[in-house]
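Here is the structure we will look at, set down as structure tokens.
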Amino acid sequence: MNIIQAVNDALKIQMRQDDRVVVMGEDVGKFGGVFRATVGLQQEFGEDRVVDTPLSEAGIIGTAIGMALYGMRPVPEIQFMDYIFPAIDQIINEMAKFRYRSGGQYTCPVVIRTPYGGGIRGGHYHSQSNEAYFTHTPGLKVVVPSNPYDAKGLLLAAMRQDDPVIFMEPKRMYRAAKGEVPEGDYTVELGKAKVLKEGKDVTVIAYGSMVHTALEAVTKAEAEGIDVELIDLRSLVPLDLDTIIASVEKTGRVVIVQEAPKSTGFAAELIALINEHALLSLEAPVVRVTGWDTPFPYTLDLEYLPSADRVLQGMRKTLNF
Amino acid sequence: MSLVEFEVGKNASVPTAPLTVLREDDTADPALMPEVSDEDLRAIYRTMIQTRTLDERMVTLQRQGRIAFYMQSTGEEATTVGSAYALRPGDWIFPCYREQGAYLWRGATVQEMAHQCYGNYLDYTKGRQMPVHYSFRHLNIVSVSSPLMTQVPHAVGTAWAMKLRKDPYVTMTYFGEGSTSEGDFHVAMNFAGVYKTPTVFFLRNNGWAISTPASVQTASENFAMKANAYGFEGVQVDGNDVLAVIVATRRAVDKALRGEGPTLIEALTYRVGAHSTSDDPSGYRTEDHVSPWRDKDPVQRFQRFLAKRGLWSPEWEAELQERFKQEILEAIEVAEKTPGPAPETIFEDVYAEKPRFLQEQEAELMESLQQTKAEGAR
């Protein structure tokens, strides 16, 4: 099963269990979504629960908030994360703050699914990784699966909790990442990272599609005799700090891989947390391997994205410090 | 005079005159007089007086520096009380920030409102928002947010959910003419039209967005006609005529309940007071602008109508004035003496469960406060 099929499976399972779940977005109904993640849902659940909306991100999120206030469980899709900005006021000023500003009277359990990231020849309007805007917003949870098993389990978990979630799907890996996915119901707890490989020389932290880049780098590093510990964060908010700190205390060296631009990105937050909690365990400064501080380019997309070689070079840098 | 209605595709012209029930001679147009019992007529008037008294007192308090901020609705009481009267308790209200009349009609108490304006620990919103940003879950009144128009797509979403659940309710959302310039107006009207949601869009055209006159907001001849472009009906109503507001809102509610979709009501009124206590209208308008509207004061007009019907007397008026003044004074006294929220409540309600990073930040704040206290005592 690939990530798209896993997402589709999770939506089906939840929609069968809970008639408050409504899938809404541009082209999600009859067509099944431009990435086909919602294929077959409208046929099974009807036009009232799988809704083709007008072309308006602010409208999709604004009305989803209203539905959620009334007790529904909307799961809107924003077709590309690059197009989430018309809805940013609704997300940041409204959805994220409803519980707080109403003293807990109103809640807003909306799960926004959105494909993110580059490497699909999409130029700067189909490639961005915008997680930092949302991890910086109190009240939101931000979840980024890297593989089909986690995509299904994390999405089911997200739809069953009571906070708004930005669910970022790595579009480059939608079909490329395949794996065993159990049939039926299971969840992956939000806020629990996964150690994909244990090692003692250096910790590599990644999430989403960068996990695959990091895995490639791990293979190359092993050939050079570097023993890597690889952590897939799976969710950024809440963050599994314990797993990160335990690993840093063991290896003393860290490389963080993030597809988004370098400055004030999520990697910077991770470095601050590592400094606060494990400064004396560090043997070298933490290395960031990230996208550049430029808009996402079309032709030179692979030069923009962190590559396995850049991750490997990052590991060498921290090991040779 | 009849209600001017748009029929999509047939009549794209503008309404020629707003719906009015109260006539020059202070009687009601019999053809339009809504069915409202004498008891209710008096109750509506009572709430209008209560609203005005509350506003006047709160503005004074702000001037005295006892609350930080306030927004009065003087001159617009007919729009809020009349429209709320036409709703049932199961209908939801998505307010702007000047709808205290609607809250009081629904059963919010002056005490609850005073607690909110003081931001104390009995404030339902736990002191997290500026004064007048109320939230009354038990009254189906949704939390006020300062950004304009953002609540209107929510009202459409909730109405849409009511329709999907086959619940026989509507949503009503209030906003001013200025905020129709926001993108969310288009967004909300468009979704409401497409999905025929049971939504009543209640636009208070009070002439002013702080200092910016309505004429700067649109090149359209009026605001009601904008509904036409979204495939539903827009109506203009005399917003200083509480009976006309009731008629227009009832029609919109009934229509929504019949499954015939949304209505945009443009209530023509005037912001007699300042935008907020932070505003000074003398910088952008003269008394000449305001005085004609003082003559059309909605409370006075309704009072004269009631007097003609024998439902009002100077003694009753004096009693109401005294009762509400007293009620507010007492509420303020209680609210003022009620302590603020405990510091640790900063960290509540960010998420359904308090995550570890907030637990740690809470501990950090409490430790810092203790340290400050200990050092102060030294």
Side-chain angles (χ1 to χ4, degrees), chain A residues 19-20 22 24 48-49 51-72 74 86-87 89-90 92-110 138-141 161-164 190-191 237-242 273 276, chain B residues 92 94 123-129 133-138 142-147 149-165 167 169 171 173 182-184 186-188 190-195 197 199 341 345-346 348-353 355-358 360:
Chain A
D19 70 355
R20 300 170 304 165
V22 173
M24 56 202 290
D48 279 352
R49 293 186 64 201
V51 188
D52 282 319
T53 63
L55 208 166
S56 166
E57 291 77 13
I60 293 165
I61 303 305
T63 54
I65 290 169
M67 283 198 186
L69 294 173
Y70 195 66
M72 304 287 275
D89 187 33
Q90 286 292 343
I92 290 181
N93 269 331
E94 304 293 321
M95 185 173 91
K97 295 178 173 70
F98 241 110
R99 180 189 294 278
Y100 195 74
R101 77 170 200 228
S102 68
Q105 289 188 344
Y106 290 96
T107 61
C108 231
V110 178
L140 295 180
K141 290 180 177 172
Q161 53 83 63
D162 294 325
D163 294 311
L190 307 187
V237 182
L239 180 71
D240 186 353
L241 192 58
D242 287 343
L273 287 167
E276 283 170 13
Chain B
W92 282 41
F94 292 75
D123 165 20
Y124 295 138
T125 65
K126 304 185 186 177
R128 290 179 185 148
Q129 291 222 78
H133 291 57
Y134 304 103
S135 183
F136 302 103
R137 182 69 191 84
H138 61 294
V142 178
S143 153
V144 173
S145 84
S146 305
M149 212 72 200
T150 54
Q151 79 282 12
V152 181
H154 307 163
V156 174
T158 296
W160 190 359
M162 289 166 167
K163 187 178 173 180
L164 293 176
R165 305 303 280 184
D167 292 340
Y169 302 120
T171 62
T173 180
E182 292 283 0
D184 274 342
H186 162 69
V187 158
N190 191 43
F191 271 63
V194 168
Y195 298 109
T197 62
T199 313
T345 64
I346 290 179
E348 290 172 5
D349 305 317
V350 183
Y351 296 94
E353 285 162 34
R356 182 174 136 185
F357 59 92
L358 287 184
E360 286 168 4

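All values below were derived from every heavy atom in this structure, side-chain atoms included, with hydrogens, water molecules and symmetry-related copies excluded. The structure presented is a predicted model; accordingly, all values stated were derived computationally and were not measured.
- Across L273(A), V237(A), L69(A), the residue that shares the most heavy-atom pairs under 4.5 angstrom with chain B is L69(A).
- Interface remark: R128(B) contributes side-chain atoms only to the contact with chain A (heavy atom separation under 4.5 Å).
- When the options W160(B), W92(B), F94(B), Y169(B) are evaluated for a ring-ring contact (aromatic ring centres under 6.0 Å, His included) with Y70(A), the one that passes is W92(B).
- Residue contact with chain B, scored on non-hydrogen atoms closer than 4.5 Å, involves the backbone and the side chain of A58(A) alike.
- Only the backbone of V144(B) comes within less than 4.5 Å of a heavy atom of chain A; no side-chain atom from C-beta onward does.
- Under the 30°/60° scheme for interplanar angles, the aromatic rings of F136(B) and H138(B) are found to stand perpendicular.
- Looking at M67(A), the atoms closer than 4.5 Å to chain B (heavy atoms on both sides) sit in the backbone and in the side chain alike.
- Residue with the most contacts toward chain B among L239(A), V22(A), T53(A): T53(A) (heavy-atom pairs, distance under 4.5 Å).
- Only the side chain of D89(A) comes within contact range of chain B, with heavy atoms under 4.5 Å apart.
- Only the backbone of L140(A) has a heavy atom closer than 4.5 Å to any heavy atom of chain B.
- Judged purely by atom type and a 3.5 angstrom limit, Y100(A) uses its side chain to pair as donor or acceptor with the backbone of I346(B).
- Distance check: D162(A) CG to C108(A) SG gives 11.5 Å after rounding to the nearest 0.5 Å.
- Residues D240(A) and R356(B) are not paired through a salt bridge, judged by the lack of any N-O separation under 4.0 Å between the basic side chain and the carboxylate.
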Show, in sequence, the C-alpha distance, side-chain angles and deciding distance for H154(B) and Y106(A), and conclude whether the ring-ring contact (aromatic ring centres under 6.0 Å, His included) test is met. CA-CA 12 Å; H154(B) 307 163; Y106(A) 290 96; over 10 Å; no
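- Chain A forms the most heavy-atom pairs under 4.5 Å with one residue out of V194(B), T345(B), D184(B), V156(B), and that residue is D184(B).
- Heavy atoms closer than 4.5 Å to chain B are found in both the backbone and the side chain of R20(A).
- Residues passing the side-chain hydrogen bond (donor to acceptor under 3.5 Å, both in side chains) test with E94(A), sequence neighbours excluded: R101(A), S145(B), T150(B).
- Contacts with chain A were tallied for A161(B), G183(B), P355(B); A161(B) has the most, counting heavy-atom pairs under 4.5 Å.
- When Q129(B), K126(B), H133(B) are compared by the number of non-hydrogen pairs under 4.5 Å with chain A, Q129(B) comes out ahead.
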Could you check D19(A) against R165(B) for side-chain contact (heavy atoms from CB on, under 4.5 Å), going step by step and ending with a plain yes or no? CA-CA 10 Å; D19(A) 70 355; R165(B) 305 303 280 184; 3.4 Å; yes
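- A salt bridge does not link K163(B) to D48(A): none of the charged nitrogens lies less than 4.0 Å from a carboxylate oxygen.
- Neither the backbone nor the side chain of M95(A) comes within contact range of chain B; no heavy atoms are under 4.5 Å apart.
- Counting only distance, with no hydrogens or angles, the side chain of T63(A) and the backbone of G157(B) share no donor-acceptor pair below 3.5 Å.
- No other option in Y134(B), F357(B), Y195(B) has as many heavy-atom pairs under 4.5 Å with chain A as Y195(B).
- In this structure, chain B has heavy atoms under 4.5 Å from both the backbone and the side chain of S56(A).
- When heavy atoms are compared at a cutoff of 4.5 Å, E348(B) approaches chain A solely by way of its backbone atoms N, CA, C and O.
- Neither the backbone nor the side chain of K97(A) comes within contact range of chain B; no heavy atoms are under 4.5 Å apart.
- Partners of D52(A) according to the side-chain hydrogen bond (donor to acceptor under 3.5 Å, both in side chains) rule, which considers only residues two or more places apart in sequence or in another chain, do not exist here.
- Counting heavy-atom pairs under 4.5 Å between each of M72(A), Q90(A), R99(A) and chain B puts R99(A) at the top.
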